[in-house]
Amino acid sequence: MLTQRDRDILSWIQDYQSITLSQCTYLFFDGNYEGCRRRMKQLEDMELLKSIPNTLLKSKVYFQEKLISDHNLFVYEFFKVIKKNGGDIIKFQLQPQYMNKKIRPDAFVIFSYQGNVYFVLLEVDLTHYTSNSKMKKYEALYKTGELQTQCCKTFPIIVIARPTEGIRYNSHNFNAVYLDLYYSNIINLLLQNPTIL
C-alpha cells in the first residue's frame with residue numbers, strides 16, 4: 001500500500017526524472033537514511049522504481065524510465081544541502097528563462113534559513129564555466145528590474161557551483177557566491193549572508 005510520502009516521491013520522480021538516495025533522505029525522510037533506504041528498496045521491489053549507483057555523487061539514483069544527467073542531480077543536491085542544514089525550500093523553478101530567453105540559469109530557488117529568506121539563481125558548472133559574458137547578462141537582467149518585483153525588491157544571489165576555483169566575477173549590483181559542487185562551504189559563504197530579513 002502506498003503512503004502519501006510514497007506518492008510525493010513518485011510524483012517528484014515523474015516531474016524531475018531522478019533522485020539520489022541521499023537527496024530523498026533529506027527531502028522526504030527528515031534525514032532518516034535507514035528509513036529512506038528501506039522504503040526506496042521496497043518501492044523498487046514493487047517495480048515502481050529502478051536504481052543505479054552513481055559514483056560521482058556516491059549514492060544510488062532512483063528513476064522510472066529515464067535517468068537525468070549528473071549535472072541536474074547536482075542541481076537537486078543544492079536542495080538537499082539546504083534541507084540538511086535546517087533550511088526549508090519555499091519554491092524552486094528549474095531552468096527559468098529571463099529577458100526573452102536570453103538568460104537561463106539552472107534553477108531559481110527561494111528558501112528560508114533561521115528566519116531569513118534567500119533568493120538564489122543557481123548555476124552548476126559541471127562541464128563548463130559560467131562565463132563573464134553570461135555574468136554580463138545577469139547585469140543586464142538586474143537593470144531590467146524583472147526579478148526584483150518577485151524578490152522583495154532585491155536581486156537574487158547568483159550561486160555558482162564548480163569543481164575548481166576558476167575566475168570569479170565581482171559585481172556592484174548583486175552578490176556572486178562560488179561554492180564547490182557538493183556545496184560543502186555553503187554555511188560560511190552563503191547562509192551567513194541573508195538577502196532579506
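Below, each value reflects all heavy atoms present in this structure, side chains not excepted, and no hydrogens, waters or symmetry copies. Along the sequence shown, residues are numbered consecutively beginning with 1.
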Using 0.5 Å steps for rounding, measure from the [atom1] atom of [X] to the [atom2] atom of [Y].
| X | Y | atom1 | atom2 | result |
| --- | --- | --- | --- | --- |
| Leu190 | Asn185 | CG | CG | 9.5 Å |
| Lys50 | Glu65 | NZ | CD | 4.5 Å |
| Leu48 | Gln64 | CG | CD | 7.5 Å |
| Ile158 | Phe174 | CD1 | CZ | 5.0 Å |
| Met135 | Ile103 | CE | CD1 | 8.0 Å |
| Ile110 | Gln150 | CD1 | CD | 7.5 Å |

pair [X]-[Y]: side-chain heavy atoms closer than 4.5 Å:
| X | Y | value |
| --- | --- | --- |
| Ile13 | Ser18 | no |
| Phe63 | Gln17 | no |
| Ser22 | Leu57 | no |
| Phe28 | Gln23 | no |
| Leu21 | Cys36 | yes |
| Asp125 | Leu181 | no |
| Phe119 | Ile157 | no |
| Val81 | Tyr26 | no |

[atom1] of [X]: more than 12 outside heavy atoms within 6.0 angstrom?
| X | atom1 | result |
| --- | --- | --- |
| Asn173 | CG | yes |
| Gln4 | CD | yes |
| Lys84 | NZ | no |

Legend entry - Lys41/Glu44 salt bridge by N-O under 4.0 Å criterion: no
Legend entry - Short N-O contact, Arg162 and Asp180, less than 4.0 angstrom: no
Inset, instruction - Name all pairs fulfilling the salt bridge (charged side-chain N to carboxylate O under 4.0 Å, His left out) condition that reach into residues 99-121, sequence neighbours left out, sorted by first residue then second. - result: none
Please find the pair of heavy atoms, one from [X] and one from [Y], that lie closest to each other, and give the distance.
| X | Y | value |
| --- | --- | --- |
| Leu94 | Phe79 | CD2-CZ, 4.2 Å |
| Val75 | Ala107 | CG1-CB, 4.0 Å |
| Ile9 | Phe29 | CD1-CE1, 3.6 Å |
| Pro156 | Cys151 | CG-SG, 3.9 Å |
| Tyr113 | Gly86 | CD1-C, 4.3 Å |

Testing the 3.5 Å rule here: is there a donor-acceptor pair between the side chains of [X] and [Y]?
| X | Y | result |
| --- | --- | --- |
| Tyr138 | Glu123 | yes |
| Lys60 | Thr20 | no |
| Ser11 | Asp8 | no |
| Ser131 | Ser133 | yes |

For [X], give me all partners under ring pair (Phe, Tyr, Trp, His ring centres under 6.0 Å), at least two apart in sequence or on another chain.
| X | answer |
| --- | --- |
| Tyr182 | Phe74 |
| Tyr16 | Trp12, Phe92 |
| Tyr183 | Phe78 |

Are [Y] and [X] connected in a single hydrophobic cluster, I mean Ile/Leu/Val/Met/Phe/Trp/Tyr linked by side-chain heavy atoms less than 4.5 Å apart?
| X | Y | value |
| --- | --- | --- |
| Leu121 | Ile90 | yes |
| Tyr62 | Tyr33 | yes |
| Ile187 | Val109 | yes |

Under 3.5 Å: donor-acceptor pair, side chain of [X], backbone of [Y]:
| X | Y | result |
| --- | --- | --- |
| Ser112 | Gly115 | no |
| His71 | Thr127 | no |
| Gln148 | Tyr142 | yes |

Inset, instruction - Can you sort out the partners of Tyr169 under side-chain hydrogen bond (donor to acceptor under 3.5 Å, both in side chains), two or more places apart, ordered by chain and number? - result: Glu139
Inset, instruction - Determine, step by step, whether Val159 and Ile186 satisfy the side chain to side chain contact (heavy atoms under 4.5 Å, CB included) criterion, reporting the C-alpha distance in whole Å, the side-chain angles of both residues, the deciding distance to 0.1 Å, and the verdict. - result: CA-CA 10 Å; Val159 171; Ile186 194 169; over 6 Å; no
Inset, instruction - Go through the steps for Phe155 and Leu141 under the test side chain to side chain contact (heavy atoms under 4.5 Å, CB included), then give the verdict. - result: CA-CA 9 Å; Phe155 191 78; Leu141 179 59; 4.0 Å; yes
Legend entry - Partners meeting side-chain contact (heavy atoms from CB on, under 4.5 Å) with Asp70 (sequence neighbours left out): Asn54, Leu56, Leu73, Leu126
Inset, instruction - Assess whether side chain to side chain contact (heavy atoms under 4.5 Å, CB included) is satisfied between Leu43 and Asp6, documenting all intermediate values. - result: CA-CA 8 Å; Leu43 293 175; Asp6 295 336; 4.1 Å; yes
